[in-house]
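Only one structure is covered here, and it is reproduced in the block below.
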Amino acid sequence: MAEQHIRQEIIAFARRCYERDLLVALDGNLSALLPSGEVLCTRAGCHKGLLTDDDLVVIDRKGNKVRGNGDPTSEMAMHLACYDARPDVRAVVHAHPPISVAFTVAGVSMARCVLPEVVLTLGTIPTLDYRTTGTEDLAHVVGRHIVHHDAVLMDRHGAVCVGGDLLEAFCRLEIMEHTALITKTARDMGRVQELAADEAVKLRAMGLRRYGGPPSAVAKAGDPGADLPAVCLACSGCGNPSPTGIGPAGVGARADLRLARVAVRSPFTLEAALTEARRFVGDAGTAESSPAPELETAIVSEVLRALKDA
Ligand SMILES: [Zn+2]
């Protein structure tokens, strides 16, 4: 693909990121590999909704500027880490999709098997442990996990999505945020029901064979569990959730990757719920006193109703 065409694509998809509320102001950055092997990226400090050809900078694979106005994006190292990690990656889109980022702020994982089409095409979306923006450390962590995933979330920051071209990377970003919206809406309605583990594995294996994915994941298409993290299987209806409601902080060597934090109600009893309710009422301004009898009656009936629904 000619450089001029790639330039137009970066501008078009940057504007779409802005128009779709996937980033605001000077957030985010996009890049693509040029036929020369150099990287075309957005410059630092430009508004993606107003991007022009003058906002694009060419860098070499070590991050040195080759041509263009201004400095390359401050997240240049993260982009280069993605290209270094995956020879099949030719475009990287980094944005701050608000609902997806809110999941990380709330400590709720998106690495769950909920929507069949997402399991087919993306698998699970991991949240990487927090690192300072713009650092080599962050770039290193992203590169290490992009080996296994086409879309990752950085804690309290944003998304990194890769693809064979800008359209593919952008689609993955859109799918991530759309999944976050659906999952959030379901959570608001009461709960998120995950796919059964065997169905999730069947879909994932099928998706890897049909649509491809990271080469390391495709290589696992025939394995038990495909490339789905074990903790994901453990939370997909097997009745073995973490008692704290939070999944392991890491699995083996992948200690900086939060695979799944399962939103599970901790086992609660009527007495525990009442204690919590009394504490809340106490905190609300009635000092150490117990709630009024009528309030306590109301609390008991609410708790009983909740227990019946659970
Ligand atoms: Zn960012």
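Throughout, numbering of the chain's residues begins at 1 and tracks the sequence. Just follow the structure's listing: the first ligand is 1, and inside any ligand the first atom is 1. None of these values were measured; they are calculated from a predicted model.
Counting only residues at least two apart or on different chains, the side chain to side chain donor-acceptor pair (under 3.5 Å) pairs with a member in residues 73-82 are N29-T73, N29-H79, S31-H79, E75-T133. Listed by first then second residue, pairs satisfying salt bridge (Lys or Arg N to Asp or Glu O under 4.0 Å) with a partner in residues 9-28 read R20-E174, not counting sequence neighbours.
Cluster partners of L208 are V218, counting Ile, Leu, Val, Met, Phe, Trp and Tyr whose side-chain heavy atoms approach within less than 4.5 Å, directly or via other members.
Excluding water, every protein N/O/S atom under 2.8 Å from the Zn ion (ligand 1) is given here by residue and atom: H94 NE2, H96 NE2, H157 NE2.
Salt bridge annotation for K62-D60: absent, with no cationic side-chain nitrogen under 4.0 angstrom from a carboxylate oxygen.
Note that the SG atom of C82 and the NE2 atom of H145 stand 12.0 Å from one another [nearest 0.5 Å].
In summary, the side chains of H157 and H94 do present a donor paired with an acceptor at a separation below 3.5 Å, with no hydrogens or angles considered.
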